[in-house]
There are 2 protein chains.
Amino acid sequence: MSVDGVRNASVKDVAALARVSLGTVSNVLNRPERVSTSTRERVEAAMAELGFVRNESARQLRAGTSRTLAYVMLDGGNPFFTDVARGMEEAAEEAGLSLVMCNSNQDGAREAGYLTLFQQQRVQGVLVTPVDAASPALDAIRDRGTPLVIVDRTRDDASFCSVAVDDVLGGRLAAEHLIDRGHRRIAFVGGPMDLGQVRDRLEGARLAWADAGLPADDLVVLTTSSLGVAEGRGAGERLTGLAARRRPTGAFCANDMTALGLLQHAITHGVHVPEHLAIVGYDDIEFAAAAAVPLTSVRQPRHELGLTAAALLLDESTNLDHTHDQVLFTPELVARASTAGR
Amino acid sequence: MSVDGVRNASVKDVAALARVSLGTVSNVLNRPERVSTSTRERVEAAMAELGFVRNESARQLRAGTSRTLAYVMLDGGNPFFTDVARGMEEAAEEAGLSLVMCNSNQDGAREAGYLTLFQQQRVQGVLVTPVDAASPALDAIRDRGTPLVIVDRTRDDASFCSVAVDDVLGGRLAAEHLIDRGHRRIAFVGGPMDLGQVRDRLEGARLAWADAGLPADDLVVLTTSSLGVAEGRGAGERLTGLAARRRPTGAFCANDMTALGLLQHAITHGVHVPEHLAIVGYDDIEFAAAAAVPLTSVRQPRHELGLTAAALLLDESTNLDHTHDQVLFTPELVARASTAGR
DNA sequence: CCCTACGATTGAAAGGTTTCATTAGCTGAG
DNA sequence: CTCAGCTAATGAAACCTTTCAATCGTAGGG
């Protein structure tokens with residue numbers, strides 16, 4: 001509803017002004033080489049004069065195809081996901097497509113809402129980092145004809161294309177690093193547990209812990225309600241509340257935001273990092289290195305993650321004999337001061 | 001496009017299966033109270049059986065109205081903007097609309113691309129933090145009938161609704177704070193200068209500097225190519241390269257990412273903060289408080305910024321006698337360790 | 001038993017674009 | 001001078017939904 005009453009010019013108006021048929025205007029738009037230079041110029045002039053902007057709804061309705069990709073992020077506030085998105089955008093731009101994003105904020109209902117929105121919009125394909133990769137909602141989308149690739153998660157069966165990083169290995173790396181540094185009682189901080197990323201990272205840590213022959217009880221799990229900075233601070237609260245002899249000397253946080261929160265709490269409460277508490281984060285976001293105590297973290301190839309995800313989606317949406325591919329990247333531990341030798 | 005050949009079910013298919021007319025199906029969708037319970041149930045069953053999903057393009061084409069708002073962010077990697085976006089989303093959801101976002105990455109061409117995309121999609125309205133608020137591209141959008149509100153910037157004439165924070169005042173607060181702390185030679189770090197935010201913050205700093213009767217030359221300007229962490233580190237490089245007597249004792253960075261980069265460089269090069277170099281950032285992002293040395297910063301009400309922007313847009317797109325409103329919020333300095341007394 | 005009124009349903013038109021089978025207009029070969 | 005062979009342009013159909021005036025059926029009042 002434009003407040004002014006000026007109706008948007010349509011191809012029909014352009015055609016009338018340029019004294020050509022509708023078809024010709026459409027050709028100027030879509031196959032300019034088929035129309036003679038003189039008429040093309042006349043049509044373009046008319047478009048400019050009327051301020052014509054192609055109605056994408058009509059175009060899509062008729063052509064049946066859309067020129068945009070969509071990404072449903074799990075947490076827009078986490079720089080990890082925005083970096084992933086940048087990779088996607090790069091790939092989309094390369095292919096002449098646009099990328100729009102939205103943010104589920106770890107809320108399944110909101111995620112579902114955006115998924116149906118994009119389905120209604122008949123976008124060319126959907127990228128999603130789901131709250132729950134097993135959700136049948138994802139199958140519903142794909143069954144309805146919208147290509148979908150799962151980002152930063154995987155389906156056990158190969159029912160979708162997916163791009164992920166080996167979170168079990170990542171958890172293992174983190175725990176092994178702490179064990180190497182001599183820690184014999186550590187905490188895992190993260191949640192909620194229905195987030196696959198959290199479960200896998202914890203599992204990896206447990207495997208490493210068991211492999212080292214350490215008692216399971218000495219890997220304390222501190223569950224948080226989500227993965228923000230505030231939750232990390234809350235975990236710090238709980239940690240310092242423990243009796244000194246029961247207090248872990250190292251913590252592995254399920255992501256860097258939580259780790260930064262924990263670090264912040266430690267510092268403001270006089271807990272020295274890494275002497276009293278070593279901390280390992282996850283994601284190696286840009287801010288990890290700039291933290292109060294530079295954070296040891298598990299790095300994931302986030303840009304490449306996005307790039308690859310978009311490439312898979314493109315293939316799925318255009319290649320007739322596409323087969324689902326489950327790409328798994330390998331994480332890498334970046335050691336910094338927050339776990340320096342004790 | 002769907003790889004399997006299953007055509008998407010349309011209202012026609014639903015109508016056929018439920019043995020009713022097209023109009024009735026549409027009524028079930030849009031004015032369920034007008035159709036009797038029995039037929040409604042029959043239609044809904046048919047929809048479920050066919051997996052019907054409304055084609056938004058067709059709906060929009062006919063109904064002429066879209067149910068989505070769009071936000072073109074200046075820098076998706078900057079948590080400031082994602083916080084703003086969250087505020088917008090809250091307001092949109094409240095109004096039963098969806099918010100999609102995209103990222104211009106401070107690139108005017110990309111911004112223009114997204115603006116026309118959304119115009120082609122005939123979204124209900126566009127929110128944008130433009131690279132250049134004076135750009136005629138913005139007028140073009142609005143003249144073509146798409147309501148548009150400018151976020152985190154303003155037009156001098158009241159030609160648009162806008163929501164912004166007083167950047168000149170913010171710059172002033174930052175500089176005054178450094179002056180209060182006894183600094184008599186400071187650096188301003190930021191860029192590019194065609195970014196209004198940067199210009200205004202610098203101008204505010206200069207005003208404060210002049211008001212304090214300090215020589216203009218002692219406010220050194222270090223221009224960066226953008227406002228990322230890496231650029232901050234680069235500025236640190238240049239700063240430490242200066243002869244000691246010419247080296248500023250304080251720095252005001254145009255945003256927190258740059259400030260964090262500068263801080264990081266300082267620390268790794270043995271420059272003590274705040275003793276040798278005091279640092280003030282801007283935005284007060286969540287990571288500022290968790291930095292190596294907690295960062296003094298200028299806080300902006302980012303959530304409210306988004307909320308208000310969306311509210312203005314909603315008014316502009318629905319209220320017939322809408323008048324442009326230019327809301328200006330007041331920033332606030334949050335002092336932390338990075339400028340502690342010397 | 002007729003008529004009115006009302007609720008439920010229908011059917012056709014409209015919205016802007018693309019596509020494609022045709023037609024129109026030329027050029028140049030025969 | 002004709003006609004094949006092109007290129008350029010045309011016009012109608014199709015995409016799917018919403019809207020709205022018109023119709024149908026029925027219940028209730030007279």
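Chain A is the first sequence line, chain B the second, and so forth, proteins listed ahead of strands; every chain is numbered from 1. Heavy atoms only: backbone and side chains are in, while hydrogens, waters and symmetry mates are out.
- Distances were taken from every side-chain heavy atom of B/Ser21 (C-beta onward) to each of C/dG11, D/dT18, C/dT19; the shortest belongs to C/dG11.
- Checked by atom type, the side-chain pair A/Arg54/A/Asn30 shows a donor-acceptor distance below 3.5 Å.
- Looking at B/Val126, B/Leu313, B/Val128, B/Thr129 one by one, the single match for side-chain contact (heavy atoms from CB on, under 4.5 Å) with B/Tyr71 turns out to be B/Thr129.
- Considering only the side chain of B/Thr24, C/dT10 comes nearest among C/dT10, C/dT19, D/dT18.
- Distances from the side chain of B/Arg59 to the nucleotides C/dT18, C/dG16, D/dT17 place D/dT17 closest.
- In terms of the ring pair (Phe, Tyr, Trp, His ring centres under 6.0 Å) criterion, residue partners of B/His324 (sequence neighbours excluded) are, by chain and number, B/His322.
- Among D/dT18, D/dC15, D/dA9, the nucleotide with an atom closest to any side-chain atom of A/Arg62 is D/dC15.
- Using a cutoff of 4.0 Å between basic side-chain nitrogens and carboxylate oxygens, B/Arg86 and A/Asp75 are scored as salt-bridged.
- Between C/dT19 and A/Arg31, a contact under 4.0 Å exists linking OP1 or OP2 to a side-chain N or O.
- Comparing C/dT19, C/dT17, D/dT19 by their nearest atom to the side chain of A/Val11 picks out C/dT17.
- Spacing between atom CZ of A/Arg40 and atom C1' of D/dA8 amounts to 13 Å, rounded to whole angstrom units.
- Between the side chains of B/Gln197 and B/Asp152, at least one donor N or O lies within less than 3.5 Å of an accepting N or O.
- Contact annotation: side chain of A/Arg34 to base of D/dA8, donor-acceptor pair absent below 3.5 Å.
- Dashed line: the shortest gap from a side-chain N or O of A/Ser26 to OP1 or OP2 of C/dT18 is under 4.0 Å.
- Checking C/dT17, D/dT17, C/dA8 against every side-chain atom of A/Leu22, the shortest atom distance belongs to C/dT17.
- Across C/dT9, C/dT10, C/dT18, the shortest atom-to-atom separation from the side chain of B/Ser36 is found for C/dT9.
- The listed nucleotides are D/dC16, C/dT10, C/dT17; the one nearest the side chain of B/Val20 is C/dT10.
- Rounded to an integer number of Å, the gap from CD of A/Gln121 to C1' of D/dT17 is 15 Å.
- Atoms CG (A/Leu61) and C1' (D/dT18) sit 12 Å apart, rounded to a whole Å.
- The distance between atom CG of B/Asn30 and atom P of C/dT9, rounded to the nearest whole Å, is 15 Å.
- Both B/Asn27 and A/Arg42 sit near DNA chain D, but only A/Arg42 has its closest nucleotide nearer the 5' end.
- Regarding contacts with the backbone of C/dG15, every side-chain N or O of A/Ser57 stays at 4.0 angstrom or more from both OP1 and OP2.
- Counting only heavy atoms from C-beta on, B/Arg54 has its side chain closest to D/dT18 among C/dT9, C/dT18, D/dT18.
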